[in-house]
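Because only heavy atoms are used, hydrogens play no part in the values below, and waters and symmetry mates are left out as well, while side chains stay in.
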Amino acid sequence: MEKPSVVLIVEDDALLAEVALEMVEEAGLPAVAVDSVDAALDYLKEHADGVAAMFSDVRLKGPLNGVELAAFVAVRWPTIAICVTSGVALERPYRLPRNARFMPKPWKAEEVIAFVQGASRAR
C-alpha cells in the first residue's frame with residue numbers, strides 16, 4: 001500500500017484555499033481543497049487512506065466548525081495529522097484534540113510546509 005501523502009485543506013474562503021494549495025504543492029505534496037465540514041467528511045469517507053494531513057479553518061460554513069471537525073477526524077482517522085487555523089486572535093481553540101496543532105493566520109509558508117512535510121514523513 002502506498003504511503004498517504006494528500007493534504008486535505010478545509011477552507012471556505014476561495015482565495016485562502018488557493019494560497020494553501022499552492023504552499024502545499026510547492027512543498028511537493030498533492031493537495032485537495034474543500035469548502036465545508038460536509039465536503040471534508042465526504043472526501044475522507046472515500047479517500048482517508050491517502051490523506052496524511054488535514055489543514056482546516058476554525059470558521060466554516062454549516063453547523064460544525066473546524067475544531068469540531070478536528071475532534072471527529074482525530075477519533076475516526078487517528079493517523080491523519082491535523083492543523084486548525086484562524087485569523088481571529090481571540091479564537092485560539094482550547095479544545096483541540098491532543099494530536100492537533102493550531103496555526104494563526106496569516107500563515108507563514110515555512111510553518112505550513114514544515115507541518116505538511118512532517119505529517120507526510122510521520123505516516
Side-chain angles (χ1 to χ4, degrees):
M1 184 173 173
E2 199 170 312
K3 188 175 176 182
S5 63
V6 172
V7 176
L8 177 61
I9 298 164
V10 190
E11 172 62 67
D12 59 1
D13 180 310
L15 182 59
L16 290 176
E18 187 61 34
V19 169
L21 274 168
E22 287 177 12
M23 286 181 188
V24 171
E25 289 171 350
E26 283 179 18
L29 295 171
V32 172
V34 297
D35 66 357
S36 69
V37 170
D38 287 342
L41 293 175
D42 287 346
Y43 184 85
L44 287 167
K45 287 174 190 169
E46 296 293 322
H47 306 287
D49 289 345
V51 176
M54 181 181 75
F55 190 76
S56 177
D57 192 12
V58 169
R59 293 185 183 187
L60 297 165
K61 297 176 203 164
L64 298 178
N65 65 37
V67 175
E68 293 161 327
L69 173 62
F72 183 81
V73 170
V75 171
R76 177 70 178 83
W77 297 286
T79 58
I80 295 176
I82 301 167
C83 182
V84 176
T85 181
S86 177
V88 179
L90 299 177
E91 197 169 62
R92 184 180 185 95
Y94 63 93
R95 290 189 171 190
L96 281 179
R98 279 194 304 231
N99 67 333
R101 65 170 289 197
F102 177 77
M103 186 181 302
K105 290 179 185 175
W107 307 311
K108 292 183 176 94
E110 60 272 8
E111 288 181 352
V112 174
I113 291 168
F115 167 71
V116 298
Q117 287 179 335
S120 181
R121 281 194 294 272
R123 293 286 306 255

Show the nearest heavy-atom pair for residues [X] and [Y], with the distance to one decimal.
{"X": "Val6", "Y": "Val32", "answer": "CG1-CG2, 4.0 Å"}
{"X": "Val116", "Y": "Ala27", "answer": "CG2-CB, 4.2 Å"}
{"X": "Ser56", "Y": "Leu69", "answer": "OG-CD2, 3.9 Å"}
{"X": "Val37", "Y": "Leu64", "answer": "CG2-O, 3.6 Å"}
{"X": "Asn99", "Y": "Pro78", "answer": "ND2-O, 3.6 Å"}
{"X": "Ile9", "Y": "Ala31", "answer": "CD1-CB, 4.0 Å"}

Would you check if [X] and [Y] make a side-chain contact, meaning some heavy-atom pair closer than 4.5 Å?
{"X": "Leu44", "Y": "Leu8", "result": "yes"}
{"X": "Val84", "Y": "Phe55", "result": "no"}
{"X": "Phe102", "Y": "Leu96", "result": "yes"}
{"X": "Lys61", "Y": "Asp35", "result": "yes"}
{"X": "Ser5", "Y": "Pro30", "result": "yes"}
{"X": "Lys105", "Y": "Leu16", "result": "yes"}

Subject >> Whether Asn65 side chain and Glu68 backbone form a donor-acceptor pair below 3.5 Å >> reply: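 Yes: the side chain of Asn65 pairs with the backbone of Glu68.
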Gap between atom [atom2] of [Y] and atom [atom1] of [X] - 0.5 Å precision:
{"X": "Met23", "Y": "Leu29", "atom1": "CE", "atom2": "CG", "answer": "14.0 Å"}
{"X": "Trp77", "Y": "Ile82", "atom1": "CH2", "atom2": "CD1", "answer": "10.5 Å"}
{"X": "Asp13", "Y": "Glu18", "atom1": "CG", "atom2": "CD", "answer": "11.0 Å"}
{"X": "Met103", "Y": "Asp57", "atom1": "CE", "atom2": "CG", "answer": "12.5 Å"}

**OP:** Assess whether side-chain contact (heavy atoms from CB on, under 4.5 Å) is satisfied between Leu60 and Val10, documenting all intermediate values.
**Re:** CA-CA 8 Å; Leu60 297 165; Val10 190; 3.7 Å; yes
**OP:** Indicate, with yes or no, if the rings of Phe115 and Trp107 have centres closer together than 6.0 Å.
**Re:**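 No.
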Original post:
Is it the case that more than 12 heavy atoms not belonging to Glu110 sit under 6.0 Å from its CD atom?
Top reply: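 Yes.
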**OP:** Examine Ile113 and Met54 and state if one hydrophobic cluster contains both, with Ile, Leu, Val, Met, Phe, Trp and Tyr joined whenever side-chain heavy atoms are less than 4.5 Å apart.
**Re:**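 No; Met54 is not reachable from Ile113 via cluster members.
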Original post:
Hey, is Asp12 close enough to Arg59 for a salt bridge, meaning N to O under 4.0 Å?
Top reply: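 The answer is no: the pair does not qualify as a salt bridge.
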